[in-house]
Amino acid sequence: MARYNPKETEPKWREAWADAQSFRAVQDPTRPKYYVLEMFPYPSGRLHMGHVRNYSLGDVIARFKRARGFSVLHPMGWDAFGLPAENAAMERGVDPKGWTYDNIARMRDELKELGLSIDWSREFATCDVAYYGQQQAWFLELFKRGLVYRREATVNWDPVDQTVLANEQVVDGRGWRSGAVVEKRKLNQWFLRITDYADQLTDDLETLDRWPEKVRVMQENWIGRSQGARLRFHFAGAAPQGFDAGIEVYTTRPDTLFGAAFVGVAADHPLAERLAGADPKVAAFVAECRRGGSSEAEIETAEKIGFDTGLRVRHPFAAGQELPVWIANFILMDYGTGAIFGCPAHDQRDLDFARKYGLPVKPVVLPPCEDPATFQVGDEAYVGPGAIFNSDFLDGLPVEEAKARAVARIEADGDGQGATVFRLRDWGVARQRGWGCPIPVVHCEKDGVVPLPRSALPVALPDDMEFGKPGNALERHPTWKHAACPICGGPATRETDTLDTFVDSSWYFARFADPHAAEPIDKAAADYWLPVDQYIGGIEHAVLHLLYARFITKALADEGMLSVREPFAGLFTQGMVTHETYRRQNGEWVEPGAVELKAEAGIRAAVLVETGEPLVIGDVEKMSKSKKNTVAPGDIFEVYGVDAARLFVLSDSPPERDTQWSTGGVQGAWRFVNRVWEEFDSQPAAAPGGDGAGGGEDAAATALRRATHKLVKQVTEAIETFRFNSGIARLYEFLNLLKANPAEGASAALLAARQEALSAFARLIGPFTPHLAEESWARIGGAGMVVEAPWPEFDPALTEDAVKVLPVQVNGKRRGEISAPAGAEPAEVEKIVLDDPEIARRLEGLTIRKVIVVKDRIVNIVAA
RNA sequence: GCCCCAGUGGCGAAAUGGUAGACGCGGCAGACUCAAAAUCUGCUUUCCGCGAGGGAGUGCUGGUUCGAGUCCGGCCUGGGGCACCA
């Protein structure tokens, strides 16, 4: 009996699958389709354990669905534009394109080694002209629809990467890649009108019932829809020049208007800027506000400061009442209208401001059970429900009703209207980078910004850009940008900004439906395959990629290019792969490969292999180069084979949780692989046929058959509910049972039962350890390959035991057990229990009050 | 501050309201071996007991229930997200 040799078997089966084109996706109208997609990788050149986990998870689903009779699409591609290539180019003087394609070649080999059930004929990279040329095509369509526009805007400028960042790419005031503190700059910028879809993007979240609640909440918060009203305050007396119409504010609490103490505007509000131009004191205050940083820490600690302009406005409801106009640093110009009315009694921030500057605090919402004569607001604003008071025509109304009444009055007076405001901003998509998808427009002196005609596509990147220094290599190129204006034919300059790489990844899933189509998206193919039934990736894209992809899908649907309005029907966010960290006494990190783990007196210790120096075992953290706690998948494959690596990464923790890589763990998986093989290898070739019933009856055979059918049921359910770790645990358990019923010396009945068990087992492990499954299947004479075999079925009659062992509790504590026929009625069970001498002994001296029998489960006797 | 999620052995974890700790890792003991590795077998929540057996136990606390890791209320700790958002 030979030890299982993955180095021989694994490549053999990968070749067999490739030869048979087992994973080719076929548009088959007679079968239900299933589209499994994992977020495609950036081609860094090295596969890491996170990839192994992500793609193994998807592969389990893909292989399972295929076996269940679905027509499966499981493609792979490369998110290939982006800064790392430019950085490599700058540091090492290589060409980003060559560097990227080399990396792709290397990673493709590594991914193929994983034995994934991918249709490689659909592979593409976003840096293929064939891909980004099509992207330019739909970009121009969106341009025509007015979803693309250009304006001067204050943008997030990353001084290290020397490019603009989207709001979503600024985390805690720093660039999400470079970590540099982001500066504010005014630039002419390209935007996609994602805000046109803000309502839909919020509303449709409700339809995504197979998305994690967490992700939906994060998107909802990010879009930040709020219902309120816009409302104009008119100046009492002469209005400043240009402000005859008054000041427009946005509020979500029109019900509290009678509690207004002031009107405030942002420091960069046009009114503040006008006043600053005329009054040095205002100018000085505005300048002071600007000095405040934008980082979270600075905002957190920044004191609320204000400046009384001396201007006054009229209260819209209370005739004769006037409110002072302040400039305040806490009001944001880019939210709402950049102006507010302050109601200190019912808004904490307004209250802090009012206390500081001695403004009146007048409560207008009365909390339940408070006396209007005595109710006062102290240091805490009252934001809860209640009845309006001190408010003229709103008196006595509950908050929600008062809001509606106040808005109705504002609208009747012509001073404003109900309004919805979003936190979401339009998506700034231009990047000042050479390694990206060119924006297909030219700038003509005569005709301005001119989109190119479809016939001028693709606008391809030049192959001879110079990446030796920072900045935009496309801009620097000597000739590329010169072009003819499509309108006048005169000289024009190409746009040298390229698109954010998140644009590239916002539609790739649709391109996979037919990656070679002459149009961006082949409608018939997309109609068949989309939406993605199961999308799998990291939680870090909860807002960025997943929001952009939803937006582009809706925009393309409105363009008639897609029929679906949501790209991903099911989303699964998997956890990270972590590892223990090790440090030398001097604090230096040590990689796991150089560490030997020991246990002395039951306590784990780590030493440096080379010198025996004791190491400090640190926290378990996400695998990262800086902590040196990475393990190269290739090294693991070399020692244990691919299947063991896949199995461990799937078996250790629930998929949504972080999983901890450990040498011991993968060794355990490796042991399982070998033990499985031993069972298959020990089964005689002449064993009776596979339905298990052929060998006659005996107790061991019957028990094994029941266990087999139960196993099929349990593993099937585990895969369907993403509880892969539990499913694998059932397989481990079952293997132990097989070992307890060895082929050697087995009866004919048991051999037949084993044959049935092994036949099911080989197919059940297929999604997890596909190579081992094939080798095992072949060993017991399975027809064809596992990838062609249907998923095993179970006989419900065999998943239920004929005799049930019921635990018996007395007053909720387990005191013994009895056997009863399955489905026995409570009265019958009760009799068995009370006749049991052991139970009777337990009940001595007690009076039975009640006997609870849960059919086939448990008995509880209440006695005193 | 607001919104999610989680808390179970030495560790990763498992348990339709029904025998808590399956399965794996680690550990201990034994078998095989000249020896080691590999492999195999047994034990491994904790306390009392030689034992049979018994007590306690799922972050804390109260409740619902014949019965709670699971449901409800209050708290503690950790993780994630959002936040001068009017």
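Proteins come first, then strands; the chains are lettered A, B, ... in the order of their sequence lines, and each starts at number 1. The analysis underlying the following values was restricted to heavy atoms, covering all of them including side chains, and did not include hydrogens, waters or symmetry mates.
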Next item on the list: On RNA chain B, check which nucleotide each of A:Asp658 and A:Arg815 is closest to and give me the residue with the more 5' one.
Entry: A:Asp658
Notebook entry, point to check: Say you pick atom P in B:G59 and the same atom in B:G9; how far apart are they, in whole Å?
Noted result: 8 Å
Next item on the list: For A:Ile539 and for A:Arg730, locate the closest nucleotide of RNA chain B by heavy-atom distance; then report the residue assigned to the nucleotide nearer the 5' terminus.
Entry: A:Arg730
Item checked: Any A:Ser651 side-chain N or O less than 4.0 Å from OP1/OP2 of B:G12 -> no
Check: How far apart are the closest heavy atoms of A:Ala339 and A:Ile247, and which atoms are they?
Finding: CB-CG2, 3.8 Å
Note to self: Within the 4.0 Å heavy-atom criterion, would you say A:Arg216 contacts the bases, only the backbone, or no part of the nucleic acid?
What the structure shows: nothing
Notebook entry, point to check: Just checking A:Lys813: base, sugar-phosphate only, or nothing, at a heavy-atom cut-off of under 4.0 Å?
Noted result: sugar-phosphate
Checklist line | Anti versus syn assignment for B:G9, with syn defined as within 90° of 0 | finding: syn
Check: Under 4.0 angstrom, heavy atoms only, what part of the nucleic acid is A:Val862 near: base, sugar-phosphate, or nothing?
Finding: sugar-phosphate
Margin query: What's A:Asn860 touching, base or sugar-phosphate or nothing? Going by heavy atoms closer than 4.0 Å.
Written below: base
Notebook entry, point to check: Nearest to the side chain of A:Arg814 - B:G18, B:U19, B:A15?
Noted result: B:U19
Check: Which nucleotide in the set B:G18, B:A86, B:A13 lies at the smallest distance from any side-chain heavy atom of A:Ile340?
Finding: B:A86
Note to self: Let me confirm one number: the CG-NZ distance from A:Leu351 to A:Lys304, rounded to the nearest 0.5 Å.
What the structure shows: 10.5 Å
Check: With a non-hydrogen cut-off below 4.0 angstrom, is A:Leu731 in contact with a base, only sugar-phosphate, or nothing?
Finding: nothing
Note to self: Just to be sure I understand the rule, does A:Arg225 reach a base, reach only the sugar-phosphate, or reach nothing, if contact means heavy atoms closer than 4.0 Å?
What the structure shows: nothing
Margin query: Any strand counts, and the cut-off is 3.5 Å on both contacts for Watson-Crick or G-U wobble. Which nucleotide pairs with B:U58?
Written below: none
Notebook entry, point to check: Which value, in whole Å, describes the distance between the P atoms of nucleotides B:A22 and B:U8?
Noted result: 16 Å
Note to self: Any base atoms under 4.0 Å from A:Gly224, or only sugar-phosphate, or nothing? Heavy atoms, all strands.
What the structure shows: nothing
Check: From B:A86, B:G81, B:C4, pick the nucleotide closest to the side chain of A:Ser226?
Finding: B:A86
Check: If you take all heavy atoms of A:Asp856 and A:Leu806, which pair is closest and at what distance?
Finding: C-CD2, 3.4 Å
Notebook entry, point to check: Between B:A14 and A:Arg657, is there an OP1 or OP2 to side-chain N/O distance shorter than 4.0 Å?
Noted result: yes
Item checked: Inter-nucleotide C1' distance (B:C23, B:G78), Å rounded -> 27 Å
Note to self: Please classify the nucleic acid contact of A:Gln809 as base, sugar-phosphate, or nothing, using heavy-atom distances under 4.0 Å.
What the structure shows: base
Note to self: With a 3.5 Å limit on both atom pairs, tell me what B:A22 is paired to, counting Watson-Crick and G-U wobble, or say none.
What the structure shows: none
Notebook entry, point to check: Looking for any heavy atom pair under 4.0 Å, which part of the strands does A:Tyr732 touch: base, sugar-phosphate only, or nothing?
Noted result: sugar-phosphate
Item checked: CZ-CZ distance between A:Arg730 and A:Arg723, expressed to the nearest 0.5 angstrom -> 8.5 Å
Notebook entry, point to check: Without hydrogens or angle criteria, can the side chains of A:Gln348 and A:Asp352 be said to hold a donor-acceptor pair below 3.5 Å?
Noted result: yes
Check: With sugar-phosphate meaning primed atoms plus P, OP1 and OP2, does A:Asp350 contact a base, only sugar-phosphate, or nothing at under 4.0 Å between heavy atoms?
Finding: nothing
Notebook entry, point to check: Taking the side chain of A:Asn736 as its heavy atoms from C-beta onward, which of B:G24, B:U19, B:A86 lies nearest to it?
Noted result: B:G24
Notebook entry, point to check: Does the side chain of A:Asp658 pick up a donor-acceptor pair with the side chain of A:Thr578 at under 3.5 Å?
Noted result: no
Check: Of the nucleotides B:C11, B:C84, B:C66, which one has an atom closest to the side chain of A:Lys304?
Finding: B:C84
Next item on the list: Taking only the side-chain heavy atoms of A:Arg857 (C-beta and beyond), determine which of B:G18, B:U41, B:C25 contains the nearest atom.
Entry: B:G18
Notebook entry, point to check: Which of the following nucleotides, B:C66, B:C23, B:C25, is nearest to the side chain of A:Arg671?
Noted result: B:C25
Notebook entry, point to check: So what does A:Asn725 touch, heavy atoms closer than 4.0 Å: a base, only the sugar-phosphate, or nothing?
Noted result: sugar-phosphate
Notebook entry, point to check: Does a side chain donor of either A:Arg550 or A:Gln219 reach within less than 3.5 Å of an acceptor in the other side chain?
Noted result: yes
Note to self: Which nucleotide wins on minimum distance to the side chain of A:Ser653, given the candidates B:G12, B:A22, B:U41?
What the structure shows: B:G12
Notebook entry, point to check: What is the base-pairing partner of B:A15, counting Watson-Crick and G-U wobble geometry with both distances under 3.5 Å?
Noted result: none
Note to self: Which nucleotide wins on minimum distance to the side chain of A:Lys214, given the candidates B:A86, B:U41, B:C4?
What the structure shows: B:C4
Item checked: Watson-Crick or G-U counterpart of B:G69, or none if no pair lies under 3.5 Å -> none
Check: Base, sugar-phosphate, or nothing for A:Thr251, non-hydrogen atoms under 4.0 angstrom?
Finding: sugar-phosphate
Notebook entry, point to check: So what does A:Ser662 touch, heavy atoms closer than 4.0 Å: a base, only the sugar-phosphate, or nothing?
Noted result: nothing
